[in-house]
Amino acid sequence: MKRAFSGIQPTNILHIGNYLGAIKNWVELQNDYACIFCVVDQHALTVKQDPKEFSQNILNVAKTYLAFGIDPNRSIIFRQSDVPEHTELAWYFNTITKIAELERMTQFKDKAVRHKDNINLGLFDYPVLMAADILLYDAELVPVGEDQFQHVELTRTIAERFNKLFGKTFVMPEPLVKKHGARIMGLDDPKKKMSKSAASPANYISLLDKPDVATKKIMRAVTDSGAEIKFSADRPAISNLLTIYSLLGNLEIKDIEKQYAGAGYAEFKTGLAKVVNNFLIEFQNKFLKIKDEEVKEILADGAAKAGALARKKIIDVRKKLGL
Ligand code: TRP
C-alpha cells in the first residue's frame, strides 16, 4: 500500500475548518493508503507556547484524530518530538536548501508580519522540517490545504536535489487537496481562511464550542449583499456558510438552496446552527470520553512504529552522506 503523511500543529484548540479541510479527508484516506498522522509539536514551537497548555494541546489534537475516526489499528498516530529523526533529517536538508528558497515562502512572510516580535530562525526553517516529516517515511501522498502547496513543492525540490547529489534516497511526494471544502473561510471575514490565530474568536467555530456559543457566532456571521440563499463565487459569505452546511449536514448545496428558496438569512442561519450543533455534540461526546492515559498509550505505540521506519531511513541517509 502507498503511504500518506500529514500533520496538524497543536497550537490551540482545533476548529471546524481543520476538520473539513483536513481530518475528514484523512478518515477516508485510511481505506486506500498506509497513513501516518503526526502531531507536529516541534513546528508549533516556532510561535510562543505556554508549556502547560502546550502539553494538553498536544494530547487534544491526538484525541481529536481519534474522536473523528482515525483508527490507531490501521494508521500510525504519533508526535513529532517522540521521533528525533525528524530534526536530524531537517538538519541535513538545511545544508542543501537555499536561503532564497525559504525567503519565497508566503507562509513565512505572513507569519513574519503577524509575529513581528518573534521572527525566529525556526519560523524561517519551518518548511525544511516539514520536508523532513514527509520524506522520512517515503510518503507518496500529502493531504493538505491549499496554503501548504508551496511547502510540498519545496519538499519535492529538496528530495530531487538530495537524490541527485547523493543517489536515489527519497520518494517524490504529491500534495492532495480536496477542492470542495478544502478552504473553510472565516465567519467574520469570508475572504480569509478560518484560522485559530484570527483576531477574534467570532472568526471560527471551535470543535469544543458550546452549542449556544456556536449558535451566536453563526447568527452574527457576516453576509453578502442580496438576500438570496445561493452559492456563487461573487458571494463569498453565503457560499462559505452553504459549504459548511453541506459538508456537516451531508447534503448537496443545491438541495439546501431549494430548501431555503424564498427564506431569509435568519431562517437559513438557524438551520445551519442546528446542523453545526448536532455535529459538535456528537464530536464532543466522543472527545470527552477519551482519557489522557489512553491517548498517551496510543502515542507511545505510534512513536515506536514511526520510529522504526524513521531509523531505517536515517541510517541510509547517513551512509549516503558519508557519515
Ligand atoms: N505545515 C502544516 C500546516 O500548517 C503542518 C505540517 C507539518 C504538515 N508537517 C507536515 C502537513 C507534514 C503535512 C505534512 O498545516
Side-chain angles (χ1 to χ4, degrees), residues 5-27 35-70 72 75-87 90 107 110-111 114-115 118 120 122-123 125-130 132-134 136-137 142-145 147-148 151 184 193-198 201 203-209 280 283-284 286-288 290-303 305-307 310:
F5 184 102
S6 198
I8 292 182
Q9 294 187 70
T11 41
N12 211 327
I13 203 61
L14 303 183
H15 53 70
I16 58 168
N18 295 117
Y19 171 64
L20 295 175
I23 307 173
K24 187 172 194 271
N25 304 325
W26 298 0
V27 175
C35 294
I36 306 182
F37 299 116
C38 188
V39 182
V40 287
D41 50 2
Q42 290 169 320
H43 274 111
L45 286 172
T46 57
V47 301
K48 212 160 160 246
Q49 302 294 339
D50 169 346
K52 259 215 201 87
E53 276 175 33
F54 193 39
S55 308
Q56 191 60 51
N57 284 341
I58 291 166
L59 295 182
N60 283 352
V61 169
K63 279 189 196 181
T64 303
Y65 290 177
L66 294 167
F68 279 130
I70 302 296
S75 302
I76 298 175
I77 302 174
F78 79 109
R79 45 191 272 177
Q80 190 180 34
S81 61
D82 281 335
V83 180
E85 283 80 1
H86 290 243
T87 45
Q107 191 164 69
D110 284 352
K111 285 191 181 173
R114 272 191 285 129
H115 303 273
N118 187 22
N120 60 76
L123 199 61
D125 201 30
Y126 179 115
V128 178
L129 180 57
M130 180 163 161
D133 295 340
I134 296 165
L136 192 53
Y137 299 99
V142 186
V144 282
D147 62 321
Q148 295 299 311
H151 290 164
I184 298 298
K193 192 171 143 171
M194 184 176 281
S195 166
K196 50 200 168 186
S197 46
N203 174 274
Y204 55 84
I205 293 172
S206 156
L207 291 172
L208 293 181
D209 272 348
L280 289 177
F283 166 75
Q284 290 168 14
K286 289 192 191 139
F287 178 92
L288 294 170
I290 305 170
K291 304 223 161 43
D292 284 358
E293 288 317 310
E294 206 178 313
V295 77
K296 280 180 191 165
E297 260 174 50
I298 288 169
L299 287 173
D301 182 55
K305 289 181 186 150

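Excluded from the calculations below are hydrogen atoms, water molecules and symmetry mates; all remaining heavy atoms, backbone and side chain alike, are included.
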Exercise. Should we say atom CD of Glu297 is surrounded by more than 12 heavy atoms from elsewhere, each under 6.0 Å from it?
Worked result: no

Exercise. Closest approach of Gln148 and Val144, non-hydrogen atoms and distance?
Worked result: CB-CB, 3.7 Å

For this session: Would you mind reporting whether Leu59 and Leu299 have side-chain heavy atoms less than 4.5 Å apart?
Result: yes

Exercise. Which atom names give the shortest non-hydrogen contact between Asn118 and Val47, and what distance separates them?
Worked result: ND2-CA, 4.3 Å

Exercise. Can you name the closest pair of heavy atoms from Asp82 and Ala303 and give their distance?
Worked result: CB-CB, 3.6 Å

Exercise. What class does the angle between the rings of Tyr137 and Phe78 fall in, given that below 30° is parallel, 30 to 60° is tilted and above 60° is perpendicular?
Worked result: perpendicular

Exercise. So, does Tyr65 use its side chain to make a donor-acceptor pair with the main chain of Pro72 at under 3.5 Å?
Worked result: no

Seminar exercise, completed: Correct closest heavy-atom pair for Val40 and Gly7 would be CG2-C, 4.3 Å

Problem set entry | Centroid separation Phe68 to Trp26 less than 6.0 Å | no

Exercise. For Ile290, does its backbone N or O pair with a side-chain atom of Lys63 as donor and acceptor, under 3.5 Å?
Worked result: yes

For this session: Give, for atom OH of Tyr19 and atom OG1 of Thr64, the distance between the pair rounded to the nearest 0.5 Å.
Result: 12.0 Å

Exercise. Quick one: are Gln56 and Asp292 in side-chain contact, heavy atoms under 4.5 Å?
Worked result: yes

Problem set entry | Rounded distance [0.5 Å steps], OG in Ser195 versus OH in Tyr204 | 8.5 Å

Problem set entry | Separation of Thr87 OG1 from Asp133 CG (nearest 0.5 Å) | 10.0 Å

Exercise. What's the shortest heavy-atom distance between Ala44 and Thr11, and which atoms?
Worked result: CB-CG2, 3.8 Å

Exercise. Got a second to check how far Leu288's CG is from Leu208's CG, nearest 0.5 Å?
Worked result: 7.0 Å

Problem set entry | Gap between atom CD1 of Ile8 and atom CG of Asn18 - 0.5 Å precision | 5.0 Å

Exercise. Between the side chain of Asn120 and the main-chain N/O of Thr46, is any donor-acceptor distance below 3.5 Å?
Worked result: yes

For this session: To the nearest 0.5 angstrom, please state how far the NE2 atom of His86 sits from the CD1 atom of Ile134.
Result: 11.0 Å

Problem set entry | Ser75 side-chain N/O to Ile70 backbone N/O, donor-acceptor pair under 3.5 Å | no

Problem set entry | Polar side chain donor-acceptor pair, Gln80 to His43, under 3.5 angstrom | yes

Exercise. Do Ile23 and Leu14 touch side chain to side chain, with heavy atoms closer than 4.5 Å?
Worked result: yes

Seminar exercise, completed: Of all heavy-atom pairs linking Arg79 and Cys38, the shortest is C-SG, 4.3 Å

Problem set entry | Trace of the side-chain contact (heavy atoms from CB on, under 4.5 Å) decision for Phe54 with Leu45 | CA-CA 9 Å; Phe54 193 39; Leu45 286 172; 3.6 Å; yes

